[in-house]
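Structure, as structure tokens:
These numbers come from the heavy atoms of this one structure, side chains and all, not from hydrogens, waters or symmetry mates. Since we're looking at a predicted model, the values are computed, not measured.
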Amino acid sequence: MRQLIAGNWKMNGLLEASAALAGALRRGADGLDCDIVICPPATMLMTVAHVLVGSPVEIGGQDCHAKASGAHTGDVSAAMLRDAGARWVIVGHSERRADHGETSAQVRAKAIAAMAAGLTPIVCVGETEAQRVSGDALSVVGTQLAESLPEGFAGVVAYEPVWAIGTGKTATEDDVRAMHAHIRTCIGAGPRILYGGSVKASNAASLLAVPEVGGALVGGASLVVEDFLAIAKAANRG
Ligand code: PEP
């Protein structure tokens with residue numbers, strides 16, 4: 001299966017710089033043999049979608065509400081993301097689980113809402129450093145998967161060890177191999193399983209070569225077009 005390289009821009013950038021970043025990505029993405037998705041902040045989706053019209057680079061949201069509409073001040077529905085041009089949405093990112101107290105049950109409801117609106121959910125799971133040190137990483141992730149993935153899940157799972165996000169630390173290839181094999185056992189054949197956590201141009205090739213790694217979810221390095229494209233080129237193995 002083609003690998004998927006997804007960029008999570010998080011809460012960064014303003015319109016002009018983001019449009020320029022998307023334009024540079026569009027020019028550089030020609031001929032890449034992987035799927036590429038970028039997830040800008042919600043206010044930029046339409047602008048970035050416009051820049052990417054006719055390009056293979058697709059866009060996604062960084063979160064969605066579980067409800068289709070209603071009295072949820074400040075939230076964005078999956079249908080709104082789709083209407084703005086998104087085809088994907090990240091749900092359950094550890095920053096949302098931590099900053100907003102999102103539970104796996106809520107993540108599951110968001111994944112259902114995303115699929116109902118025609119979006120492909122990218123469901124994030126991952127253990128904290130304390131959970132890894134105590135030897136609980138596999139069971140923690142197994143529980144998150146059981147509680148976060150709905151019946152008939154048609155999306156992507158992103159394994160993102162919390163301690164590796166934005167820290168410059170990455171999981172060892174052995175740990176990634178063991179965790180991705182465990183996730184495959186938990187979810188069965190089908191969904192791609194991304195690795196995320198300080199993926200950079202310098203470590204992408206080795207991480208993307210690990211069995212069952214179906215691509216990468218990239219934070220910081222997705223804001224630098226040369227770095228993001230270098231990661232995407234490392235995924236060129238069809
Ligand atoms: C992320 O936020 O999903 C992520 C993996 O961030 P970074 O690549 O910066 O560690």
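Scanning both residues, Val162 and Gly126, for their nearest heavy atoms gives CG2-O, 3.8 Å. Considering all non-hydrogen atoms of both residues, Leu145 and Cys186 come closest at CD1-CB, 3.8 Å. Across all non-hydrogen atoms, the minimal contact from Cys64 to Ala78 is CB-N, 3.9 Å. Contact between Ala221 and Asp227 at its shortest, heavy atoms only, is O-CB, 3.7 Å. Here the closest non-hydrogen pair linking Val123 and Val107 is CG1-CG1, 4.0 Å.
Judged by distance alone, with hydrogens and angles left aside, the side-chain atoms of Gln62 form no donor-acceptor pair with the main-chain N or O of Ala42 at under 3.5 Å. In this structure, Ser198 contributes its side chain and Gly168 its backbone to a donor-acceptor pair below 3.5 Å.
For Asp35, the side chain to side chain donor-acceptor pair (under 3.5 Å) test picks out Arg2, Arg192, with sequence neighbours left out. When the side chain to side chain donor-acceptor pair (under 3.5 Å) test is applied to Gln131, the partners found at least two apart in sequence or on another chain are Thr128. Scored by the ring pair (Phe, Tyr, Trp, His ring centres under 6.0 Å) test, His100 finds no partners at all (sequence neighbours excluded). Judged as a side chain to side chain donor-acceptor pair (under 3.5 Å), and not counting sequence neighbours, Glu147 has no contacts. Listed by chain and number, the residues in a ring pair (Phe, Tyr, Trp, His ring centres under 6.0 Å) with His65 are His72 (sequence neighbours excluded).
Residue Thr43 holds its OG1 atom at 8.0 Å from CG of Leu45, rounded to the nearest 0.5 Å. Atom-to-atom distance recorded for Asp30:CG and Leu25:CG is 10.5 Å, nearest 0.5 angstrom. Atom CE in Met1 sits 14.0 Å away from atom SG in Cys34 (nearest 0.5 Å). Here the SG-NZ distance, from Cys39 to Lys10, works out to 11.5 Å after rounding to the nearest 0.5 Å.
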Evaluation steps, salt bridge (Lys or Arg N to Asp or Glu O under 4.0 Å), between Asp175 and Arg132: CA-CA 10 Å; Asp175 288 341; Arg132 175 151 289 272; 3.5 Å; yes
Could you go step by step and tell me if Cys124 and Leu217 meet the side-chain contact (heavy atoms from CB on, under 4.5 Å) rule? CA-CA 9 Å; Cys124 300; Leu217 181 53; 3.9 Å; yes
Verdict with supporting geometry, Arg96 and Lys110, side-chain contact (heavy atoms from CB on, under 4.5 Å): CA-CA 12 Å; Arg96 292 206 59 88; Lys110 290 179 178 204; 4.2 Å; yes
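Atom CE of Met46 has 12 or fewer heavy atoms from other residues, nucleotides or ligands within 6.0 Å.
Proximity of Val141 to Glu127: side-chain heavy atoms (C-beta onward) are separated by under 4.5 Å at one or more points. Looking at Arg97 and Val125, their side chains come closer than 4.5 Å, going by heavy atoms from C-beta outward. Looking only at side-chain heavy atoms (C-beta outward), Ile165 and Ser94 come within less than 4.5 Å of each other. Contact annotation: the side chain of Lys233 approaches that of Leu32 to within less than 4.5 Å [non-hydrogen atoms, C-beta and beyond]. Between Met179 and Pro161 there is no side-chain heavy-atom pair separated by less than 4.5 Å. Side-chain contact between Ile122 and Asn8 is absent, with no heavy-atom pair separated by less than 4.5 Å.
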Using a 3.5 Å cut-off and no angle test, enumerate the donor-acceptor pairs between side-chain atoms of residues 11-21 and protein atoms at least two apart in sequence or in another chain.
{"unit_1": "Asn12", "atom_1": "ND2", "unit_2": "Trp9", "atom_2": "O", "d": "2.9"}
{"unit_1": "Ser18", "atom_1": "OG", "unit_2": "Leu14", "atom_2": "O", "d": "2.8"}

Return all side-chain donor-acceptor pairs below 3.5 angstrom for residues 204-211, not counting sequence neighbours, or 'none' if the list is empty.
{"unit_1": "Ser206", "atom_1": "OG", "unit_2": "Asn203", "atom_2": "O", "d": "3.1"}

Without placing hydrogens or testing angles, list every side-chain donor-acceptor pair under 3.5 Å for residues 49-61, not counting sequence neighbours.
{"unit_1": "Ser55", "atom_1": "OG", "unit_2": "Val57", "atom_2": "N", "d": "2.9"}
{"unit_1": "Glu58", "atom_1": "OE1", "unit_2": "Trp88", "atom_2": "NE1", "d": "2.8"}

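The ring-ring contact (aromatic ring centres under 6.0 Å, His included) contacts involving residues 143-168 comprise Tyr159-His180, where partners must be two or more places apart or lie in separate chains. Among residue pairs with one or both ends in residues 209-222, those qualifying as side-chain hydrogen bond (donor to acceptor under 3.5 Å, both in side chains) are Arg184-Glu212; sequence neighbours excluded. For residues 186-233, no residue pair satisfies the ring-ring contact (aromatic ring centres under 6.0 Å, His included) rule, not counting sequence neighbours.
Under a 4.5 Å side-chain heavy-atom criterion applied to ILVMFWY residues, the cluster that includes Val224 comprises that residue alone.
Residue Leu4 is not grouped with residue Leu149 when hydrophobic side chains (ILVMFWY) are merged at heavy-atom distances under 4.5 angstrom, including chains of intermediate members. Placement of Val199 and Val156 in two distinct hydrophobic clusters is found when ILVMFWY residues are connected by side-chain heavy-atom separations under 4.5 Å, directly or transitively. In the hydrophobic clustering of ILVMFWY residues, with side-chain heavy atoms under 4.5 Å counting as a link, Leu194 and Leu119 come out apart. Note: the hydrophobic cluster containing Ile231 does not contain Ile90 (ILVMFWY, side chain heavy atoms under 4.5 Å, direct or indirect links). Ile187 and Leu138 end up in the same hydrophobic cluster when Ile, Leu, Val, Met, Phe, Trp and Tyr side chains are linked at under 4.5 Å.
Side chains of Asp174 and Thr172: a donor-acceptor N/O pair is absent below 3.5 angstrom, by distance only.
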